[in-house]
Visitor: 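Got a structure for you, questions after.
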Amino acid sequence: MEQYTPMIRQYLAIKAQHEDAFLFFRLGDFYEMFFEDATKASQLLEITLTSRDGGSSERIPMCGVPYHSAAGYIEQLIELGHKVAICEQVEDPRQAKGVVKREVVQLITPGTVMEGKGLTDKENNYIASLFSEGEHTYSLAFCDLSTGESRTTALASLDEVINELSTLRAKEAVITQDLHEEVQKTLTERMNLTLSYEEPAAEKGGFAALTENITHSGMKQAAHLLFHYLHRTQKRSLTHLQPVVVYEVHQFMKIDLYSKRNLELTETIRSKNKKGSLLWLLDETMTAMGGRMLKQWIDRPLINRRHINERLSMVETLIQAFFERQEIREMLKEVYDLERLAGRVAFGNVNSRDLIQLKKSLQQIPMLKDLLLRIHNEEIQSLSRKMNPCEELMDLLEQAFVENPPLSVKEGGMIRDGFHAELDEYRDASRNGKDWIANLQQEERERTGIKSLKIGYNRIFGYYIEITKANLHLLNDSRYERKQTLANCERFITPELKEKEALILQATEKMIDLEYELFIDIREQVKGFIPELQELSRLVSELDVLQCFAEVSEKRKYTRPELTDSRELFIKDGRHPVVEKVMDSQEYVPNDCLMNKEREMLLVTGPNMSGKSTYMRQVALTAIMAQIGCFVPAAEAKLPVFDQVFTRIGAADDLISGQSTFMVEMLEAKNAITHATNQSLILFDEIGRGTSTYDGMALAQAIIEYIHEHIQAKTLFSTHYHELTVLEESLPQLKNVHVSAVEKNGRVVFLHKIKEGAADKSYGIHVAQLAELPSDLIERANEILAELEQKEKPDIQKRREKEQPSAVAEAVGQLSFFNESAAAPAPLSNKEKKILDELASYDLLEMTPLDAMNALYTLQKKVKK
Ligand code: ADP
Ligand code: MG
């Protein structure tokens, strides 16, 4: 330390407290970085690395970004998951003795960005905190700093934590140092989260009111971690933070991580983009906050029948009220992001344009309320009555601001004439002065006879009189004092000009100062309305999502689902909403689905590419759409309320493009099987195809039997193992359905039509033909197929009767979801049995290594024979 200059010592002291962040150290008009920060940042930001003398023998690496363009660089670092500590000069350099005092005024992190590219309009930006009391209990809290919304819940396993965090797409998590190392590793490596540490502590920093409704001690701790961290890093007013809402995951339909991904609810599997997802299809919201709420609704479908029906009935009314709906949409278009605006007001980074937007938004509310009252629906009218247009605030903003204020709040020109008497006086003085100067120019021109004489202004010399060199000889006036000589003109001042200038500048300066003061004062008054604005934005968002459902439902001819109490599910002419939209809807073949007590499980067979996956997904998407309160893509739909939806896809399915392995497939299947109830919907799409035929078939059958016997969830199971279709005979609640295909001129044509019964054959070779493999090859494949068909086919019925547990069944047992006895033994030939018996009879402890080698050799020979 000793060796360094005082400034570098100051830098190092501050840096020591912010080791995990890039320290942006303010030096004049630049933010500088030093040492390792500088080398790293220069690479990440592609800026020049220089160095400076810091008192030691070696020069110190340094790089910097200009103060006025720092925002872009900060965004880049945050985007990459880094943190940035903003260190400002906190005293006037002119008054400083020694090194200017500097302090970190804000820590910007991925979870706490308030503006810029890091914030997507229609997405929340959540920061989470995780607190663990024991091995398997976790409390999670999360907050969107830009909107002030926060929630907390208790979770029973790390899997649930992962599910929640990935649903939230949180970017940063606040944890305690002693959180289990494995958990920390999961958060950083698997979830790609930026971690931040905070010590557990009793409430401090004035957040008591936000957490007082939390009774659970873990949740309270999690909320404290979160708020303490926000308080410590943001170092400013966070008055927009709303009381934490406590929720439980089972208050909503549970859709785990894999299922969300597989169903492409909010992003597609391949490109991870919104485009092509259910969210994309549904998003007809007009406001950013409505867009965010839509995503929240999709992430958490309801399970309360009454609440679902309330939403559905509002959507129904809005569909019928076509003209009103168009008007609502027009009005919503004029409503800005009130929710984030309120957050920025609290944060102190709004300008007068933001407040103009706020005013314009508020102006829509009275009209919107009136319009909603004209719609005959109790829920919608009650929505209208709850909307508080904050008239006082609107009046204040109307009276205070001009229509098009400048961006900067420190240049004046924001406040209307007549709003404030003193301000008007300064303005008059300044305007009069400017008029006087304009007159002076005219007078001087006439007096001197120099037509091109003009009066200008710049920051250095103030007002001056400019005369071109060509006209200088005409000037004969002792009051003119030469100030500046340029290439082709001279600039002069006169005493009376300077006198007036002082008056003008004084008035202007006072005007600007006073405007700024007034602006701050108005902003403080707006702060007082934050809770009202937040409530208003919640209501507006809700209306926006409901009109969005109505709009999509009408456009795409969706129908209102009826929720049944019985175990019946009936969909007539159902469609996959996204596939239908992407392809020409003329071509989409609608399909029915009937499931009830006699047919809780459907085994879907049919050739590759015939539409099995699409069919199953359309059933799941229909259920989810119904439970978020939207109409569904069908001519008619009767649905039970599902508590959970599981979607699992066989590892080799092209939909995952080989990213998955068989083990993952099995783990995912296990997860579904352990959590599903008889109220759940399970889609198993070609489960078991990630392994060899017999293995796969055996597993598939065992899984079907297990669900049939132990879970009784509504299940759609697609398979290309034709052999499984005989299960219909032994399992009373299982029925075969198939996707039909017809052969025309030796080629297969898919009809995409679901029919009762099993598919009559497999069409693999025809698909190969469709793909235009060489005709020789196709012919040969047909030959081989014919040969194989001659040979003995595996007979499932026979296999089921055997008692002997097989190697496969044992392997399955290790996967632990078959602890009960449902595993189906796979076929064993006599030869295999003998070999296994022999293997079992070996007493390994009595054998020498050579004995063992020999025994193994003999066994292997038998197997190879
Ligand atoms: P499978 O799972 O049987 O291999 P998919 O469900 O993946 O088949 O469907 C293959 C393709 O067939 C889809 O990409 C889609 O273009 C088309 N398709 C599926 N179902 C339908 C349908 N009902 N109407 C029209 N085209 C469909
Ligand atoms: Mg498929």
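All residue numbers in this chain count up from 1 along the given sequence. Just so you know, ligand 1 is whichever comes first in the structure, and atom 1 is the first atom listed for that ligand.
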Visitor: Between Q296 and N124, do the side chains contain a donor N or O and an acceptor N or O under 3.5 Å apart?
Guide: yes

Visitor: Closest by any non-hydrogen atom to atom 24 (N) of ligand 1: pick that one out of I754, T605, V589.
Guide: V589

Visitor: Under 6.0 Å from the ring centre and within 45 degrees of the ring axis: does the NZ or CZ of R292 meet both conditions for the six-membered ring of W297?
Guide: no

Visitor: Can a non-hydrogen atom of G606 be found less than 4.0 Å from any atom of ligand 1?
Guide: no

Visitor: Dump the intermediate steps for side chain to side chain donor-acceptor pair (under 3.5 Å) on K275 and T268, then the final yes or no.
Guide: CA-CA 7 Å; K275 182 152 194 244; T268 59; over 6 Å; no

Visitor: Which bit of M583 is near ligand 1, meaning a heavy atom under 4.0 Å away: side chain, backbone, both or neither?
Guide: side chain

Visitor: Kindly check if the number of other-residue, nucleotide or ligand heavy atoms within 6.0 Å of NZ (K755) is above 12?
Guide: no

Visitor: Hey, is P607 touching ligand 1 through its side chain, its backbone, both or neither, going by heavy atoms under 4.0 Å?
Guide: backbone

Visitor: Is the closest N or O pair between Y615 and ligand 1 shorter than 3.5 Å?
Guide: no

Visitor: Applying ring pair (Phe, Tyr, Trp, His ring centres under 6.0 Å), name anything that partners F646, two or more places apart in sequence or on another chain.
Guide: none

Visitor: Counting heavy atoms only, which of V604, T614, I649 is nearest atom 9 (O) of ligand 1?
Guide: T614

Visitor: Near G611, which atoms of ligand 1 are under 4.0 Å from a heavy atom of that residue?
Guide: 1 (P), 3 (O), 5 (P), 6 (O), 8 (O), 9 (O), 19 (C), 20 (N)

Visitor: Can you find a heavy atom in the side chain of L603 that is under 4.5 Å from one in the side chain of T719?
Guide: yes

Visitor: Flag M609 as yes when one of its N or O atoms lies below 3.5 Å from any N or O atom of ligand 1, and as no otherwise.
Guide: yes

Visitor: Do the side chains of R300 and E164 get close enough for a salt bridge, i.e. N-O under 4.0 angstrom?
Guide: yes

Visitor: Do any N/O/S atoms of S613 come under 2.8 Å of the Mg ion (ligand 2)?
Guide: yes

